[in-house]
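Only one structure is covered here, and it is reproduced in the block below.
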Amino acid sequence: FQAALRIDPKNEYAHNQLGILFAKKERFDAAFREFHKVVQIDGHNTYALLWLGILYLKKGNLNLGFEKFQRIIEVDPSNADAYYFLGAIYNFRHNTAKAIEYLKKARDVDSDEPDTHYRLAQAFHNLDMTDNALLEYQRTLDLKPSHTKAISGIGWIYFNRGDRHSAIAEWKKALKMNPKDRDAIFNLAKAYN
């Protein structure tokens with residue numbers, strides 16, 4: 001890719017691929033420079049914008065990450081990844097209503113991503129919309145049956161409804177999948193105490 005860029009310094013594909021390679025090697029500053037070059041060449045390159053947003057989040061700069069994801073939505077209103085990250089940022093900022101709005105958009109654009117359903121379930125759960133949360137936790141498990149955090153969430157819904165037996169069954173299921181699952185261990189200890 002570096003040889004390709006010596007021949008064609010504005011080759012967006014080569015810059016993006018180098019950016020990915022640098023990110024995989026945890027050379028994040030070099031990755032950032034490559035994606036930034038792509039955006040300078042073409043401000044509508046959503047792949048580079050997405051990675052810039054992710055790298056900003058990695059640096060702890062939510063505001064600049066948020067701006068990049070917003071820009072993606074302006075360019076591509078059906079970009080599930082951008083909606084997902086915006087929803088996650090809103091969830092982190094404790095703006096659950098906005099988190100739900102954006103996570104629903106991500107789900108509607110790409111309903112095959114288990115983590116989107118899980119985050120949406122969490123947002124519903126935070127608002128005590130437990131029927132909606134349960135539905136999204138179950139959709140998460142339909143897509144990824146080993147998603148122990150979704151199983152844990154279902155357990156808490158049962159527990160808070162007073163169905164201790166079903167909650168324990170869910171948490172034991174998670175513990176059977178991963179005997180070192182700290183959430184399942186903690187939840188079972190709480191239920192038994």
Side-chain angles (χ1 to χ4, degrees), residues 1-123 126 136 140 143-144 146-150 152-153 178 180-183:
F1 293 117
Q2 288 173 333
L5 288 170
R6 281 192 291 276
I7 296 166
D8 179 10
K10 292 191 175 194
N11 185 325
E12 295 175 41
Y13 179 78
H15 282 296
N16 275 333
Q17 294 309 307
L18 271 177
I20 291 296
L21 291 172
F22 285 135
K24 284 184 179 182
K25 291 184 176 224
E26 297 186 8
R27 293 177 54 194
F28 299 116
D29 289 338
F32 183 86
R33 281 192 302 274
E34 293 302 324
F35 294 123
H36 188 67
K37 287 176 187 173
V38 173
V39 172
Q40 286 177 325
I41 295 165
D42 176 8
H44 292 92
N45 189 306
T46 57
Y47 188 81
L49 287 167
L50 181 70
W51 275 98
L52 283 174
I54 292 168
L55 290 172
Y56 277 126
L57 293 182
K58 174 118 180 87
K59 289 181 176 186
N61 194 329
L62 292 180
N63 292 335
L64 287 176
F66 187 88
E67 286 176 19
K68 296 302 176 198
F69 301 131
Q70 278 291 115
R71 178 71 181 126
I72 293 169
I73 297 303
E74 292 169 11
V75 173
D76 177 11
S78 62
N79 190 300
D81 292 329
Y83 285 124
Y84 173 81
F85 280 109
L86 288 168
I89 291 169
Y90 277 122
N91 202 32
F92 180 78
R93 291 177 172 168
H94 304 291
N95 187 339
T96 310
K98 279 287 196 189
I100 288 172
E101 177 186 337
Y102 280 89
L103 291 168
K104 276 184 172 181
K105 289 177 181 182
R107 177 201 62 195
D108 293 344
V109 172
D110 180 11
S111 62
D112 293 334
E113 178 55 50
D115 284 337
T116 301
H117 291 284
Y118 173 71
R119 293 231 187 216
L120 184 55
Q122 283 186 303
N126 290 340
E136 292 300 330
T140 303
L143 295 166
K144 185 178 177 184
S146 63
H147 200 294
T148 56
K149 290 188 180 295
S152 179
N178 177 6
K180 295 180 181 179
D181 187 308
R182 294 174 56 111
D183 289 336

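Values in this document were obtained by computation on a predicted structure and should not be read as measured data.
To the nearest 0.5 Å, atom CG of residue L55 and atom CZ of residue F22 are 12.5 Å apart. Distance CZ/R71 to CG/L52: 12.5 Å, rounded to 0.5 Å. Summarising the geometry, atom CG belonging to L120 is positioned 5.5 Å from atom CZ belonging to R107; distances are rounded to the nearest 0.5 Å. Taken from CG in L50 to CD1 in I72, the straight-line distance is 4.5 Å, to the nearest 0.5 Å. The distance from the CG atom of D115 to the NE2 atom of H117 is 10.0 Å, given to the nearest 0.5 Å. Taking CD1 from I41 and CG from N11, the interatomic distance works out to 8.0 Å, rounded to the nearest 0.5 Å.
By the 4.5 Å heavy-atom criterion applied to side chains, V109 and N79 are not counted as neighbours. Annotation: side chain of Y47 is in contact with side chain of I20 (closest heavy-atom distance under 4.5 Å).
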| request: List the steps, then state whether side-chain contact (heavy atoms from CB on, under 4.5 Å) holds for K98 with T96. | output: CA-CA 5 Å; K98 279 287 196 189; T96 310; over 6 Å; no
| query | Would T46 and D76 satisfy side chain to side chain donor-acceptor pair (under 3.5 Å), going step by step from the backbone distance to the final call? | reply | CA-CA 8 Å; T46 57; D76 177 11; 5.0 Å; no
| request: Any chance you could lay out the side-chain contact (heavy atoms from CB on, under 4.5 Å) test for E34 and L5, step after step, and finish with the verdict? | output: CA-CA 11 Å; E34 293 302 324; L5 288 170; 4.1 Å; yes
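Taking the six-membered ring where tryptophan is involved, the planes of Y13 and F1 are perpendicular, since the angle between them exceeds 60° and thus also 30°. Note on ring orientation: taking the six-membered ring where Trp is involved, the planes of H36 and F32 are parallel (angle under 30°, cut-offs 30° and 60°).
When the options F66, F69, W51 are evaluated for a ring pair (Phe, Tyr, Trp, His ring centres under 6.0 Å) with F85, the one that passes is F69.
In terms of heavy-atom proximity, T140 sits nearest to A150 at CG2-CB, 3.8 Å. Nearest approach of Q2 to L18, heavy atoms of both residues: CG-CD1, 3.8 Å. Between A106 and T116, the shortest heavy-atom distance links the atoms CB-CG2, 3.7 Å. The two residues L49 and G43 make their nearest non-hydrogen contact at CD1-O, 3.6 Å. Across A48 and N16, no two heavy atoms sit closer than the pair CB-OD1, 3.5 Å. Closest approach of G19 to A31, counting heavy atoms only: O-CB, 3.3 Å.
Of the charged side-chain nitrogens involved, at least one lies within less than 4.0 Å of a carboxylate oxygen, so that E101 and K105 count as a salt-bridged pair.
Legend: side-chain hydrogen bond (donor to acceptor under 3.5 Å, both in side chains) pairs involving residues 84-93, not counting sequence neighbours, sorted by first then second residue: N63-R93, Y84-R119.
Counting non-hydrogen atoms of neighbouring residues, nucleotides and ligands closer than 6.0 angstrom, the NZ atom of K59 exceeds 12 such neighbours.
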